[in-house]
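Let me begin by presenting the structure, written as structure tokens, before commenting on it.
Values below: every heavy atom of this structure, side chains too, minus hydrogens, waters and symmetry copies. What you see is a predicted model; the values in this text were computed from it and never measured.
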Amino acid sequence: MELFIYIILGIIQGFTEPLPISSSGHIFLFKNVFNTNMFNDLNFEIVANFGSFLAILFIFRKDVIELINAFFGYIFKKDKREKYKKNFKYCLYIIVSTIPVGIVGILLKDFVENKLQNITFLGFAFLLTALMLFLIRNRNGVKDDKDITLKDAVIIGLIQVITIMPGISRSGTVLVACLLCGMKRATALKYTFILYFPISCATMLLGVSDLIDSGNLTNLLVPYLSGLAAALIITYFTYKWLSELVKKGKLWKFSIYCICLALFIFIYFR
């Protein structure tokens, strides 16, 4: 039964992580609906997130390798800087977009956990996500990777700050920000998930010590690995589905889902 539950949790993580519907919001909702300690396993959240991370990394492996080579190539190979210049700037923009949410996340971590971790706020967060997704339903800009500017990176970084609030989808918010900056849908999707890597890495590194220090890690190794595998596989196929919806301009469908989820919360927990 324990193995089965962790696989289900992995599936939930894998399905909600890439989609603009907030994976953390769904886990918090499940905690409140089912009122079981299985959904309070923070160590497993780290493991499941790692499964999603591996899936997204596999999808963007060529882009990640190219960007890493360009970043260090520009720094250490001065005679080839022109070759690496475009991708080096792209890396800098990713860093710029990451800084605001990192700073605000550290400063307001306790406030968010103590004041905003409640089911009513979660309902309003889903409504806000729905509104954002609906507002950009017809947006499709003209900017490619090479056209992204420092101003775009700053705007995206500042908008991403609101994702520290539970129930606000990171991928959805960044997609909205990218489209508002005039990016093509494919360009926006790529920037959104390349930006996912530094944030995800920081989150996992902060939680690794807790995972190592937990006394029951050996006993839960098989359930954890099963959940990780489930999260990895489901994340991979869910991203493929999302990419098709983004290209067709159908992100608005998720706004309907988020509205239904918010209504469920307001009715069920009234």
Side-chain angles (χ1 to χ4, degrees), residues 10 12-27 45-68 71 87 90-105 129 132-133 145 148 152-181 183-208 228 231-247 251 254:
I12 294 170
Q13 163 66 26
F15 185 71
T16 56
E17 181 64 49
L19 298 181
I21 55 176
S22 179
S23 59
S24 61
H26 276 73
I27 293 296
E45 287 187 30
I46 299 169
V47 173
N49 282 328
F50 184 59
S52 292
F53 175 86
L54 291 177
I56 302 298
L57 181 61
F58 179 78
I59 292 168
F60 287 96
R61 62 192 182 282
K62 293 181 181 178
D63 296 294
V64 171
I65 292 171
E66 184 179 358
L67 289 172
I68 291 174
F71 184 82
N87 283 332
Y90 193 96
C91 291
L92 290 182
Y93 295 155
I94 291 295
I95 294 171
V96 169
S97 294
T98 304
I99 290 172
V101 72
I103 294 174
V104 175
T129 299
M132 290 191 295
L133 293 173
D145 291 348
I148 299 173
D152 295 332
V154 172
I155 291 172
I156 292 166
L158 292 175
I159 293 176
Q160 187 180 211
V161 166
I162 68 171
T163 64
I164 68 170
M165 297 186 291
I168 303 294
S169 166
R170 193 208 67 84
S171 62
T173 302
V174 176
L175 267 172
V176 168
C178 289
L179 291 170
L180 289 176
C181 287
M183 295 184 194
K184 292 180 179 178
R185 289 168 183 160
T187 305
L189 189 67
K190 176 183 173 182
Y191 195 86
T192 296
F193 282 93
I194 293 295
L195 186 56
Y196 162 80
F197 291 119
I199 295 170
S200 182
C201 284
T203 302
M204 287 188 295
L205 286 174
L206 290 173
V208 163
L228 184 150
L232 190 157
I233 294 168
I234 300 300
T235 297
Y236 177 84
F237 288 105
T238 302
Y239 173 83
K240 294 295 184 182
W241 178 48
L242 173 67
S243 64
E244 290 300 316
L245 291 175
V246 171
K247 291 173 185 176
L251 275 177
F254 293 109

Can T235 and L54 be said to form a side-chain contact (heavy atoms from CB on, under 4.5 Å), step by step?
CA-CA 9 Å; T235 297; L54 291 177; over 6 Å; no
Quick one: do S52 and Q13 satisfy side chain to side chain donor-acceptor pair (under 3.5 Å)? Show the steps, please.
CA-CA 8 Å; S52 292; Q13 163 66 26; 3.1 Å; yes
As a quick check of understanding, evaluate side-chain contact (heavy atoms from CB on, under 4.5 Å) for Y90 and E66, giving each step before the final call.
CA-CA 11 Å; Y90 193 96; E66 184 179 358; over 6 Å; no
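The distance from atom CG of L133 to atom CG of L179, rounded to the nearest 0.5 Å, is 10.0 Å. Between atom CD1 of residue I46 and atom CG of residue L228 there is a gap of 12.0 Å, rounded to the nearest 0.5 Å. Atom OG1 in T98 sits 11.0 Å away from atom CD1 in I103 (nearest 0.5 Å). To the nearest 0.5 Å, atom CZ of residue R185 and atom CG of residue L175 are 11.0 Å apart. Between the OG1 atom of T187 and the CG atom of D152 there is a distance of 11.0 Å, given to the nearest 0.5 Å. How far CD of E17 is from CG of L232: 12.0 Å, rounded to the nearest 0.5 Å.
Scanning all heavy atoms of the two residues, the minimum distance from S22 to S169 falls at N-CB, 3.4 Å. Nearest heavy-atom pair, V161 versus V101, reported as atom, atom and distance to 0.1 Å: CG2-N, 3.9 Å. Here the shortest heavy-atom pairing between I162 and M132 reads CD1-SD, 4.1 Å. When all heavy atoms are compared, the tightest approach of I94 to L195 is O-CD1, 3.6 Å. Between E45 and I27, the shortest heavy-atom distance links the atoms OE2-CG2, 3.7 Å. Residues T238 and G14 approach most closely at OG1-O, 3.6 Å, considering heavy atoms.
A donor-acceptor pair under 3.5 Å is formed between the side chain of S97 and the backbone N or O of A153. No donor-acceptor distance shorter than 3.5 angstrom exists from the side chain of S23 to the backbone of T16, with no hydrogens or angles considered. Proximity of a side-chain donor or acceptor of S171 to a complementary backbone N or O of L19 within less than 3.5 Å is detected. A donor-acceptor contact shorter than 3.5 Å is absent between the side chain of T173 and the backbone of R170.
Separation of the Y93 and Y191 ring centroids does not fall under the 6.0 Å cut-off. Between F60 and Y239, the distance separating the two ring centers is shorter than 6.0 angstrom. When ring centroids are compared, F197 and F53 come within the 6.0 Å threshold.
Counting heavy atoms from C-beta outward, I156 and C178 have side chains that approach closer than 4.5 Å. Residues L189 and L242 are in side-chain contact: their nearest non-hydrogen atoms beyond the backbone lie under 4.5 Å apart. A heavy-atom distance below 4.5 Å is not found between the side chains of T129 and I21.
The environment of CZ in F193 is crowded: more than 12 heavy-atom neighbours from other residues, nucleotides or ligands sit within 6.0 Å.
Every side chain to side chain contact (heavy atoms under 4.5 Å, CB included) that I233 has, sequence neighbours left out, goes to F237.
For the side-chain contact (heavy atoms from CB on, under 4.5 Å) with C181, the lone residue among I159, V154, I155 that qualifies is I155.
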